[in-house]
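Notes follow once the structure below has been shown.
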Protein chains: 2
Amino acid sequence: MKVKATSIDIAHLAGVSQATVSRALRGSPLVNEETRRRIQAAAEQLNYKLDKNASNLRRMHSGTLALLLFEDPTADESHINPFFLSMLGSITRACAQRGYDLLISFQQFSHDWHADFADSNKADGIILLGYGDYLTHRDKLEKLVAQRTCFVRWGAVLPDQPGVSIGCDNFRGGQAVAGHLLERGCRRIAFLGDASSHYPEFFGRYRGYVDALEQAGVAIDPALQENAESTEHSGYEAMRSLIAREVGFDAVFAASDLIAIGAMRALGDHGLRVPQDVALAGFDDIATASFVNPPLTTVLQDTRQAGEVLVESLLGLIRGEAVESEVLPVKLMVRGSSLR
Amino acid sequence: MKVKATSIDIAHLAGVSQATVSRALRGSPLVNEETRRRIQAAAEQLNYKLDKNASNLRRMHSGTLALLLFEDPTADESHINPFFLSMLGSITRACAQRGYDLLISFQQFSHDWHADFADSNKADGIILLGYGDYLTHRDKLEKLVAQRTCFVRWGAVLPDQPGVSIGCDNFRGGQAVAGHLLERGCRRIAFLGDASSHYPEFFGRYRGYVDALEQAGVAIDPALQENAESTEHSGYEAMRSLIAREVGFDAVFAASDLIAIGAMRALGDHGLRVPQDVALAGFDDIATASFVNPPLTTVLQDTRQAGEVLVESLLGLIRGEAVESEVLPVKLMVRGSSLR
DNA sequence: CTGAAAGCGCTTACAG
DNA sequence: CTGAAAGCGCTTACAG
């Protein structure tokens with residue numbers, strides 16, 4: 001095993017006290033420049049690294065954030081939504097920029113997850129990420145608030161929610177997609193995805209869609225809505241069952257790109273061409289969206305910005321500041337799948 | 001801020017010494033059952049959580065593993081290879097099962113990454129994951145070995161490598177794909193992907209392909225190999241340039257699924273049908289592989305097993321055991337894209 | 001089976 | 001600007 005140098009070793013080598021070593025290496029302005037240089041040289045010579053455990057213990061914080069990534073229990077492990085993985089990337093980067101480490105953990109919504117990380121001082125705060133039935137875990141969020149755990153979640157921003165939420169503007173995104181499809185002359189626009197308060201993000205997109213139709217004077221036909229969760233498989237099945245119901249439609253707005261990609265395949269299997277027979281749009285703008293054939297019209301959620309805002313908000317909470325929930329803008333990406 | 005209960009608070013409440021609290025909660029067999037129950041009750045009442053920083057400091061270990069996920073600098077951040085993300089998931093799970101936390105960090109191969117995590121006692125060992133030019137970072141691996149840092153890497157298993165590597169059987173995988181394509185009557189099989197010692201995994205697949213062709217008495221035509229890195233975009237471009245070269249081919253073996261998916265689109269754009277005109281196969285079996293049209297023939301790397309082996313090997317290293325590099329078996333998944 | 005005590009490697013008032 | 005000292009919350013020989 002390697003022998004680790006401690007601040008005492010540096011102190012001996014540099015001929016100063018251990019306290020001065022600590023100050024010098026932590027960048028305290030109290031230290032003489034020449035002394036600091038001597039200490040730095042000694043530290044390099046001995047390949048010294050700060051012991052984070054000791055430092056954190058003493059400072060009563062961890063310099064670490066925890067990310068709990070929730071998976072729908074129905075989805076198998078290889079099907080983690082690429083959108084969340086992209087968020088993971090940007091959160092990691094945002095943490096690194098601010099000198100924080102990121103601990104990650106996959107969780108099932110159904111499990112008894114609590115905030116072990118925060119409780120055991122391994123993390124100063126936690127980020128909650130993932131789709132799932134909002135109503136079933138709402139009480140857990142309330143518990144976190146009661147325990148005064150610092151946390152932010154990615155999700156729908158609703159009026160009476162526990163804690164702070166960061167989410168994209170699902171309503172406007174839904175409006176934009178439906179508005180665009182209406183503009184292209186579509187009148188029978190199906191919606192693929194859950195549309196209930198259990199899934200507030202999809203519901204927000206649905207409400208935007210309803211709003212756009214109403215504004216255009218197009219009647220809402222409940223038969224055009226079909227439940228789906230955010231997987232290709234679910235999108236495929238939902239599309240099949242919509243086709244089987246023979247309700248007639250000229251466009252499909254899928255609540256996520258994964259659903260849209262599954263739907264695209266189902267349409268193809270039934271001999272329906274996109275966009276000639278059916279215009280199609282999704283939501284998220286995952287990498288694959290621009291790569292399917294035809295390229296998928298969708299709504300861009302800026303994951304880079306989202307990661308920044310999540311981390312910045314959480315850090316604010318940790319500093320004891322008042323932090324508000326925030327709705328991030330979205331952007332309609334028009335591509336071939338809706339251009340008929 | 002919340003007031004945290006310490007083991008001293010529990011000791012007071014339960015009427016024992018702090019040392020006994022520590023023993024009881026750590027499951028030491030030395031503690032009387034009744035005492036333990038009393039302590040446990042007190043701990044629950046005060047919502048006590050072990051302070052990991054203190055515990056780790058005292059025990060001189062961290063109970064944490066770090067995962068360094070390398071990205072090719074050319075790839076943009078949203079295009080993290082789904083295969084690695086799937087690995088990430090299985091590594092996380094394998095860690096959790098063993099009571100270890102996982103710290104993650106995205107890195108550029110080009111950067112000066114070192115093993116800060118391990119050095120600063122934040123992690124007991126590190127896992128290295130990602131494609132990239134092997135030759136350019138080989139010296140860094142050697143430095144890790146010299147420093148006696150515990151690490152394992154996912155990648156090609158080569159004879160003279162520094163440290164321990166876990167990888168799949170790229171050679172056999174390549175053999176299996178090429179063998180299968182030969183069996184379907186293909187004779188002009190193109191290879192899309194780098195085939196040099198800079199990218200040992202792709203190179204292993206290539207050598208397997210060469211071996212299968214030679215065994216079948218089919219001549220190797222260097223014109224049929226086209227460089228590509230593991231992205232859809234790169235696959236698309238490689239396919240286009242192969243088509244442009246007009247060398248004639250009846251099958252394509254892409255060194256990864258991402259490359260294959262890009263190639264599939266390029267073939268479509270040029271009016272070539274898969275599999276009727278060109279049989280196509282990939283490598284990795286990412287989720288999307290079974291979802292493209294036609295479903296992609298590919299080689300399954302068992303990420304669940306890989307994650308387990310990576311974590312188990314690293315833990316072995318940490319315990320000071322002798323750990324060998326390991327080659328994991330692969331499995332050919334025959335799907336529509338190669339059945340002509 | 002239990003307690004008193006030392007100590008992990010830092011940070012930070014306190015004193016000079 | 002620097003040092004001596006206390007203490008963060010645990011774990012673990014040592015003694016009984």
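The model shown is predicted, which means the values in this text are computed figures rather than measured ones. These values consider heavy atoms only, across backbone and side chains, with no hydrogens, waters or symmetry-generated copies. Note on naming: letters A, B, ... go to the chains in the order of the sequence lines (proteins, then strands), and numbering restarts at 1 for each one.
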* Asked: In terms of ring plane angle, is the pair W154(B) and F83(B) parallel, tilted or perpendicular, where the classes change at 30° and 60°?
  ->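 The arrangement is tilted - the two ring planes meet at 30° to 60°.
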Among [options], which nucleotide sits nearest the side chain of [X]?
{"X": "L30(A)", "options": "dT2(D), dC10(C), dG9(D)", "value": "dT2(D)"}
{"X": "R58(A)", "options": "dT11(C), dG7(C), dG3(D)", "value": "dT11(C)"}
{"X": "R26(B)", "options": "dC10(D), dC1(C), dT12(C)", "value": "dC10(D)"}
{"X": "R59(A)", "options": "dG9(C), dT12(D), dT11(C)", "value": "dT11(C)"}
{"X": "A19(B)", "options": "dA5(C), dT2(D), dC10(D)", "value": "dA5(C)"}

* Asked: If you look at every heavy atom in D124(A) and C150(A), which pair is closest and at what distance?
  ->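 Residues D124(A) and C150(A), closest heavy atoms: O-CB, 3.8 Å.
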Closer than 4.0 Å, any side-chain N/O of [X] to the OP1 or OP2 of [N]?
{"X": "S55(A)", "N": "dC10(C)", "value": "no"}
{"X": "S22(B)", "N": "dC10(D)", "value": "no"}
{"X": "T20(A)", "N": "dG3(D)", "value": "yes"}
{"X": "T6(A)", "N": "dG9(C)", "value": "no"}

* Does dA4(C) have a Watson-Crick or wobble mate here (both distances under 3.5 Å), and if so which one? ->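 For dA4(C), the partner nucleotide comes out as none, under the 3.5 Å rule.
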* Asked: If pairing requires Watson-Crick or G-U wobble contacts with both distances under 3.5 Å, which nucleotide is the partner of dA13(C)?
  ->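 When the pairing criteria are applied, nothing turns out to pair with dA13(C), so the answer is none.
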* Would you find more than 12 non-hydrogen atoms of other residues, nucleotides or ligands less than 6.0 Å from E324(B) atom CD? ->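 Atom CD in E324(B) is not crowded, with 12 or fewer foreign heavy atoms closer than 6.0 Å.
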For atom [atom1] of [X] and atom [atom2] of [N], their distance in whole Å:
{"X": "H61(A)", "N": "dT12(C)", "atom1": "NE2", "atom2": "C1'", "result": "15 Å"}
{"X": "M60(A)", "N": "dC10(C)", "atom1": "CE", "atom2": "P", "result": "18 Å"}
{"X": "K52(B)", "N": "dC8(D)", "atom1": "NZ", "atom2": "C1'", "result": "18 Å"}
{"X": "L25(B)", "N": "dC10(D)", "atom1": "CG", "atom2": "P", "result": "9 Å"}
{"X": "I8(A)", "N": "dG3(D)", "atom1": "CD1", "atom2": "C1'", "result": "13 Å"}
{"X": "I39(B)", "N": "dC1(C)", "atom1": "CD1", "atom2": "P", "result": "13 Å"}
{"X": "N32(B)", "N": "dT2(C)", "atom1": "CG", "atom2": "C1'", "result": "10 Å"}
{"X": "D51(B)", "N": "dG9(D)", "atom1": "CG", "atom2": "P", "result": "7 Å"}

* Given DNA chain C, 5'-ward residue of the pair A54(B) and E33(B), judged by closest heavy atom ->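 Nearer the 5' end of the strand: E33(B).
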* To do: Select from Q18(A) and S17(B) the residue whose nearest nucleotide in DNA chain C is closer to the 5' end of that strand.
  =>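 Closer to the 5' end of DNA chain C: S17(B).
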* Any N/O donor-acceptor pair, R23(A) side-chain to dG3(D) base, under 3.5 Å ->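 Side chain to base: pair present.
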* **Stepwise salt bridge (charged side-chain N to carboxylate O under 4.0 Å, His left out) check, E308(B) with R304(B)** => CA-CA 6 Å; E308(B) 295 274 329; R304(B) 165 156 231 104; 5.1 Å; no
* To do: Can you tell me, in whole Å, how much space there is between the C1' of dT12(C) and that of dG16(C)?
  =>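 So the two C1' atoms sit 16 Å from each other.
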* Asked: Using the P atom in both, what is the distance from dG9(D) to dA13(D), to the nearest Å?
  ->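 My reading of the P atoms in dG9(D) and dA13(D) gives 23 Å.
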* Are any side-chain N or O atoms of S313(A) and backbone N or O atoms of V309(A), one a donor and one an acceptor, separated by less than 3.5 Å? ->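 At least one qualifying donor-acceptor pair exists.
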* Taking R36(B) for its side chain and A24(B) for its backbone only, find out whether a donor-acceptor pair lies under 3.5 Å. =>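 Yes.
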